[in-house]
Amino acid sequence: MEVTTELIVQALWDTLYMVSISLLFGSIIGIILGMLLVVTRKGHILENKLIFSIVNPIVNTFRSIPFIILLVAIIPFTRLIVGTSIGTTAAIVPLVLHIGPYMSRLVENSLLEVDDGIIEAAKAMGATPLQIIYRFLLPEAFPSLILSITTATIGLIGATAMAGAVGGGGLGDVAITYGYQRFSTITIFVTVIILVIIVQGVQSLGNILERKIRRV
Amino acid sequence: MIEFKNVSKVFDSNDKKIHALNDINVVVEKGDVFGVIGFSGAGKSTLIRTVNLLEYPTSGEVIIEGKSLAMLSEKELREEKKNIGMIFQHFNLLNSKTVFDNVAMPLILSKKKKKEIEERVYEILRFVGLEDKAKNYPNQLSGGQKQRVGIARALATNPSILLCDEATSALDPQTTKSILNLLKKINEEYKITILIITHEMEVIKEVCNRVAVMEEGRVIESGSVFDIFARPTTETTRNFVRSVVRDDVPESVYKMLKEDEYTSRIFKIDFLGASSGQPLISRTAKKYQVDINVLFGNITELQGMPIGNLIVELIGNDVELERALQFIRNQDVEVKEVSENGSHYGTHRTSAVGYAIHG
């Protein structure tokens, strides 16, 4: 089997597909968990020891499992969710479970950067906890959240390289199966170049967006 | 009106109990500009936070316009908070929102109509003099302008009380003056009761009519600003007063004393309101056979009344001098002789404080 342009294009498409879908779901999970980690901590607007002491170790557990292990360990769960355990779509489930908790830590950090004074001002105005979250915390953390999502996206692109283990395809898979296992240096070279360009692009986009929102 | 009734606050930190507030009893009358002064750690920040329950008192109660807010439900409390505006040392504005949106925030939270919000925001921005900055972002403004936005935001819901938490501490003296003038204007035009906490006596002097001095979680002295300035009873208060009205005798005066001890006597005259300096000095000089030489003076105006001191040298024969002195003493002033061995009186308890206050 030769490496064709078609194959590369298909791999590129698979990578983008996996990254975008798992980013979407991962962000939702990440923002919700990250928000919970912040607002339920001691002294915060919705202090709740129970929720915090459940969410915190769960996030830690998922973050400590190497992605390649997670990928195969949750195969039954993957089958339950998407009906199959191999292929590009099947790779999305572990990707989401991998990036969600990772992103929750990034989101947590972004939200913690918001000055306590802002929350104090919100409380003094008589804002409800929900109003504090969506009128104060989220808008103030938004530029930083953009950077967090950028970092997570790049982490996700790296993780998709392992998706080949469950037949997920993608650029990383092509690099390993064609480039590494069949000694095709040019394939490794081409796929890596494409990945570099994507990562550069994502980072630049993230930076531009952040700067635009922060208005500096 | 704000009444603090036996308010205490204890913080638990690592098995250690910290008494931030100790049995505070203070009444802030309607229309007052009430200042609370103290060094850092005196408890004044905690005190102001018990008013809108950013901190709940451990015991005692704070009564706002006849209501104890701690008794209310969460929902009722949020409503009541709209009657209490608050401004902060570091402004606490949303950097992601325009000036307009920042000021509109309390109204948005109250779910007011768009049109109503727009009218109110422009009205209040005009009042604080920032109408042309409505579309700007906070990081495009100076410190003074940011505090004006903070004030506008605090006034948006038409509160009857304004809390100022070290509102001028991050500003330069010039800007501080202009913000204090704005607070004065708010108090006069909107009849809003203002509670200010500060570590700067200058702030108390400029705007407050009443003041409480705090130390180690207690109110150690309180009363009208004039009385506190005129007759501070505690050392802490005296130190604060000195940061605005210096009452120490300068070194040069002592030097003079040493040089011609026998030909003249030096007195320090404290003016506490009623009489002002000039007529008293010239009248004494006209009436008696004494020459009066003003060596040093420090008189400032407080709520329209002069307060401060003059250090004068009286030259003349003993009899005339005594009579002149008697005359001066009969006016509404306090007279102390500055003597060489009394020199300790003036110097030993002065300097360090000034640094602590501004530092």
Side-chain angles (χ1 to χ4, degrees), chain A residues 31 34-35 38-49 106-107 109-150 206-216, chain B residues 11 13 45 48-49 51-55 69 72 74-98 101-111 135-140 146 149-150 153-157 159 161-166 170:
Chain A
I31 289 173
M35 183 64 78
V38 171
V39 297
T40 62
R41 67 176 48 213
K42 199 167 186 294
H44 218 285
I45 52 172
L46 289 172
E47 179 176 342
N48 189 317
K49 219 173 175 176
L106 294 175
V107 169
N109 286 339
S110 294
L111 293 175
L112 286 177
E113 273 171 34
V114 176
D115 194 338
D116 287 340
I118 297 280
I119 297 165
E120 193 169 51
K123 283 187 191 164
M125 280 179 224
T128 64
L130 267 180
Q131 284 176 327
I132 294 178
I133 290 172
Y134 75 82
R135 296 254 179 226
F136 294 82
L137 270 180
L138 284 177
E140 280 301 280
F142 197 53
S144 171
L145 282 174
I146 293 289
L147 288 185
S148 296
I149 291 172
T150 306
N207 289 348
I208 290 167
L209 274 178
E210 188 260 353
R211 227 170 306 161
K212 206 165 174 157
I213 295 163
R214 216 190 275 278
R215 274 170 281 271
V216 281
Chain B
F11 288 109
S13 89
S45 282
I48 202 167
R49 278 168 177 67
V51 176
N52 56 1
L53 293 181
L54 291 177
E55 295 285 358
L69 299 194
L72 302 178
E74 288 272 319
K75 195 161 178 276
E76 289 169 316
L77 174 61
R78 279 198 290 270
E79 264 331 291
E80 283 302 320
K81 279 182 178 176
K82 284 161 193 168
N83 189 35
I84 308 173
M86 187 169 191
I87 58 173
F88 305 87
Q89 179 173 7
H90 299 296
F91 326 121
N92 297 351
L93 301 176
L94 289 155
N95 288 316
S96 57
K97 308 264 184 209
T98 60
D101 288 337
N102 266 287
V103 177
M105 188 55 88
L107 302 168
I108 293 171
L109 296 181
S110 309
K111 303 195 167 62
K135 298 277 177 283
N136 286 73
Y137 285 88
N139 59 15
Q140 298 166 323
K146 282 182 195 171
V149 177
R153 180 175 71 175
L155 297 182
T157 49
I161 292 169
L162 178 64
L163 306 175
C164 306
D165 178 15
E166 297 275 9

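Residue numbering restarts at 1 for every chain, and letters A, B, ... go by the order of the sequence lines.
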Do you know which two heavy atoms are closest between [X] and [Y], and how far apart they sit?
X      : Y      : result
A:P129 : B:R78  : CD-NH1, 4.2 Å
A:A127 : B:L109 : CB-CD1, 3.6 Å
A:M125 : B:P106 : SD-CG, 3.8 Å

Side chain to side chain contact (heavy atoms under 4.5 Å, CB included) against A:E140, all qualifying residues, sequence neighbours excluded
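Side chain to side chain contact (heavy atoms under 4.5 Å, CB included) check on A:E140 returns A:V114, A:I118, B:L94, B:N95, B:S96.
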How would you list, by chain and number, every residue that makes a salt bridge (charged side-chain N to carboxylate O under 4.0 Å, His left out) with A:E113, sequence neighbours excluded?
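With sequence neighbours excluded, A:E113 shows a salt bridge (charged side-chain N to carboxylate O under 4.0 Å, His left out) to no residue whatsoever.
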What is the distance from atom NZ of B:K75 to atom OG1 of A:T128, rounded to the nearest 0.5 Å?
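So the gap between those two atoms works out to 11.5 Å.
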Nearest 0.5 angstrom please: B:M105 CE to A:Q131 CD, how far?
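Rounded to the nearest 0.5 Å, the CE-CD separation comes to 9.0 Å.
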Side chains of B:F91 and A:D115: does their closest heavy-atom pair fall under 4.5 Å?
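Side-chain contact under 4.5 Å: no.
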Which region of B:L93, side chain (C-beta onward) or backbone (N, CA, C, O), has a non-hydrogen atom less than 4.5 Å from a non-hydrogen atom of chain A, or is it both or neither?
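Contact with chain A: backbone only.
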Top of B:M86, B:Q89, B:Q140, B:R153 for chain A proximity - count of heavy-atom pairs under 4.5 angstrom
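Winner by heavy-atom pair count: B:R153.
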N/O donor-acceptor pair under 3.5 Å between B:N52 side chain and A:A124 backbone:
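No, because the side chain of B:N52 does not come within donor-acceptor range (under 3.5 Å) of the backbone of A:A124.
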Are more than 12 heavy atoms, taken from residues, nucleotides or ligands other than A:F142, located less than 6.0 Å from that residue's CZ atom?
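No - once you tally the heavy atoms of other residues, nucleotides and ligands closer than 6.0 Å, there are 12 at most.
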